[in-house]
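Down below is the structure, laid out as structure tokens.
Worth saying up front: this structure is predicted, and the values here are computed from it rather than measured. Below, chains carry the letters A, B, ... as their sequence lines are ordered, and counting in each starts from 1.
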Amino acid sequence: MDPQPGIVPRKIKGFRDIGPQMNELRWHIIRAAAGIYRLYGFEHWDTPLLEYADNLGKYLPDADTVEEGIYSFHNPEAEPMLAGDGREIRNEWDHVVMNRYYLALRYDLTAPLARLYAERLWNDSLKGGLSPDKAPLFRRYQYGPVFRYEYKLDPGRFREFWQVDFDTVGSSDQHVDAEACMILSRAMEAIGLPADSYQVKVNNRKILKGFLSVAGIPEQREDAILRVIDKLDKIGLPGIESELGKGRPDASGAFVPGLNLGQNELSRVMAFLEKFSGTATRTEVLSAIRSEKQMNNDLEEGLNELQTIHDVLNAWEMDETRIVFDPSLVRGMSYYTGPVFEVVSDLSYTDHRGRQRKVGSICGGGRYDGLVERLLGMKIPASGASIGVDRLAELLMMTGQYKASAAGPVLILVFDTTLLNEYHIIAHTLREAGIDTEIYFGAQKGLKKQMAYADRKNSPFAVLMGEDELKKGSVTVKDLRLGRETTDIKDKEEWKNRVQSEIPRDQLIGYIREHL
RNA sequence: GCCGUCGUAGCUCAGCUGGUUAGAGCGCCUGACUGUGGAUCAGGAGGUCAAGGGUUCGAAUCUCUUCGACGGUGCCA
């Protein structure tokens, strides 16, 4: 007989269990980044994990298919179907038409922010009391998990991962974008990345867009071309050339079809990209763009915006190594409308097969002047960026930049169950002193088991008290960290002498504090 | 989705061109030393060789299918 379906404990692919050391690192990143955001005046807001799918944008699942990219499902609750002006839709008998709306797990923190902002202004806007030039300024930061239904999971790429995001809504000022780059840079350093190990890359989508149109490339081909250009880091200029042209065979022998650009367009695009391959500084990039023979509106706007950002960065004395201009940077196909930023780390690590690997971009952001408009019907400018917490954590872990300590509690061993009340008293006084303390309540009472438990939890100290100690009013404290490090002593007794000591009970807190 | 490589103990792998009871290291468990983690020593458990079909006297080894992993590619808010 065929096996019956059963229950197997397992996690969903791309979702992870986070242990104490990874949690410590995760929260270190969040605290450091949020601290910087607050310094710049951003307020802490949270939004729900679930939103109406249509509020999140782009991905509107049609009836039966699960839309690519996001997790979505029908709301179990039927609600009145609403028209665009918020009124309930009624049928021919004047009954309210009910609908089970699609809900979706948020795929980033920016779309929910747009919803939050738009929702708060919705009434004003309906009454006509709002215009883009009166849009309130709103700056918020937020962290939490986001969800993407990825087909393929690379290292550092998950289906559930955390972001620490900050955004400014209601300002089209380029100073906001410049500031965002600055904030990213400061956050990276607050987190502990060495100043020369990362770069904030900045571009303006208007530049590529403008250039492509000047080069005579039809607008429908734009996205496809930008997508190829975005791969520059990965496949290099020759790779770009073949993918824009006739295509190329990949490493496995499969053929990557090309875009079959005409020779003229192709060489213009390549010339444009090559122009920047040798540019090291922001100033050089700016003058390279300025030297383009043909200009148009987009190109000029993009150039001016970049120039403003550059001026601001100079005023702050942000040197050219940390924040750079990269005209090939694309990012977020449809979402971003002007400046885009990305942080990449130069750090690499050796995987278990001995290959050198990089984690890729660890932050992304840019200006999105159209997101709020979708919900509010009014163009309200916004700009912001997110740090990919888990990818960054992975990077720091893999490259050994962060030494996770995740210290466990002081463990009080249960030597003698008749002394349990004494153990509680000791534990209580330690906790009063702010020291994490646990009494061992496991089923296996052997001291060996208890010690192994303390060791596994990375406890700094084990406290032992048996009859001997009780009579003397003392406790035996074992320094587990010292014990873990000490491997040169073979003799058991000698090892013990070095690692543990008996002290009066009333000196326990002082002893632990001193040795922590 | 497409191309390629692979799938042997909890983990990392060995197992030559098909041939008797499938191995190692680490980990795990038990014990010795100690009212006690590390180190050391002694012992032990654990695998229908991803699953299912085929070829063969005989398959972890050849073949097919399915599933899964990895590497490219595509997609990526």
Practice task
Verify the contact: side-chain N or O of R484(A) to OP1 or OP2 of G37(B), cut-off strictly under 4.0 Å; return yes or no.
Solution key: no

Fill in the blank from the handout: Checking N1-N3 plus N6-O4 or O6-N4 for Watson-Crick, or N1-O2 and O6-N3 for wobble, each under 3.5 Å, the partner of C26(B) is G10(B)

Practice task
Remember a base hit wins even if backbone is also touched, and classify K496(A) as base, sugar-phosphate or nothing at under 4.0 Å, heavy atoms.
Solution key: base

Practice task
With heavy atoms under 4.0 Å as the rule, sort K13(A) into base, sugar-phosphate or nothing.
Solution key: sugar-phosphate

Exercise for the section: Nearest-nucleotide wise, let me know which of Q444(A) and T476(A) is further upstream toward the 5' end of RNA chain B. Expected result: Q444(A)

Handout entry: Spacing of the P atoms in A50(B) and A69(B) (rounded, Å)
Key = 16 Å

Practice task
Among the candidates C76(B), C33(B), C29(B), find the nucleotide nearest to the side-chain atoms of R227(A).
Solution key: C76(B)

Handout entry: For atom CG of D230(A) and atom C1' of C75(B), their distance in whole Å
Key = 12 Å

Handout entry: Complement of G37(B), any strand, by Watson-Crick or G-U distances under 3.5 angstrom
Key = none

Exercise for the section: Considering just the side-chain nitrogens and oxygens of R148(A), establish if one lies under 4.0 Å of OP1 or OP2 belonging to A77(B). Expected result: no

Practice task
Could you state the atom-to-atom distance from CZ of F161(A) to C1' of A77(B) in whole Å?
Solution key: 10 Å

Practice task
Verify side-chain hydrogen bond (donor to acceptor under 3.5 Å, both in side chains) between E494(A) and N497(A), making sure each step is shown before the conclusion.
Solution key: CA-CA 5 Å; E494(A) 195 188 336; N497(A) 286 336; over 6 Å; no

Problem - Distance-only donor-acceptor check, side chains Q500(A) and T476(A), under 3.5 Å - result: no

Exercise for the section: Would you mind reading off the distance between D455(A) atom CG and C28(B) atom P, rounded to a whole angstrom? Expected result: 10 Å

Exercise for the section: Look at the side chain of D108(A) and decide which nucleotide, out of C75(B), G37(B), A77(B), has an atom nearest to it. Expected result: A77(B)

Practice task
Verify the stacking flag for W495(A) against G38(B): centroid separation must be under 5.5 angstrom and the ring planes must differ by under 30 degrees.
Solution key: yes

Practice task
Indicate, with a heavy-atom threshold strictly under 4.0 Å, whether E485(A) touches base, sugar-phosphate, or nothing.
Solution key: nothing

Problem - Side chain of Y107(A) (C-beta onward), nearest among A77(B), A39(B), C75(B) - result: A77(B)

Handout entry: Contact under 4.0 Å: K492(A) side-chain N or O vs G37(B) OP1/OP2
Key = yes

Exercise for the section: Could you pick out which residue, A452(A) or R456(A), lies toward the 5' side of RNA chain B when each is mapped onto its nearest nucleotide? Expected result: R456(A)

Exercise for the section: Inspect the contact between R367(A) and E305(A) and indicate whether a charged nitrogen and a carboxylate oxygen are less than 4.0 angstrom apart. Expected result: no

Handout entry: Interatomic distance where CZ belongs to R374(A) and C1' belongs to A77(B) [whole Å]
Key = 11 Å

Practice task
May I ask you to say whether R221(A) pairs ionically with E265(A), meaning some side-chain N is under 4.0 Å from a carboxylate O?
Solution key: no

Practice task
Please tell me which of the listed nucleotides, U73(B), C29(B), G37(B), lies nearest to the side chain of I235(A)?
Solution key: U73(B)

Practice task
Please lay out, stage by stage, how I183(A) and Y37(A) fare under the test side chain to side chain contact (heavy atoms under 4.5 Å, CB included).
Solution key: CA-CA 7 Å; I183(A) 289 170; Y37(A) 299 169; 3.6 Å; yes

Practice task
Find the distance K449(A):NZ to C29(B):C1' and express it as a whole number of Å.
Solution key: 7 Å

Practice task
Return the value, rounded to whole Å, for the distance between atom CD of E51(A) and atom C1' of A77(B).
Solution key: 14 Å

Problem - Separation between the P atoms of G19(B) and U65(B), rounded to whole Å - result: 25 Å

Problem - Selection from G37(B), C75(B), A77(B) that lies nearest to any side-chain heavy atom of I70(A) - result: A77(B)

Exercise for the section: May I ask you to say what E469(A) touches in the nucleic acid, namely base, sugar-phosphate or nothing, with a heavy-atom cut-off under 4.0 Å? Expected result: base

Exercise for the section: Locate the shortest heavy-atom distance separating G338(A) from K206(A); write the atom from each residue and the value. Expected result: CA-CE, 4.5 Å

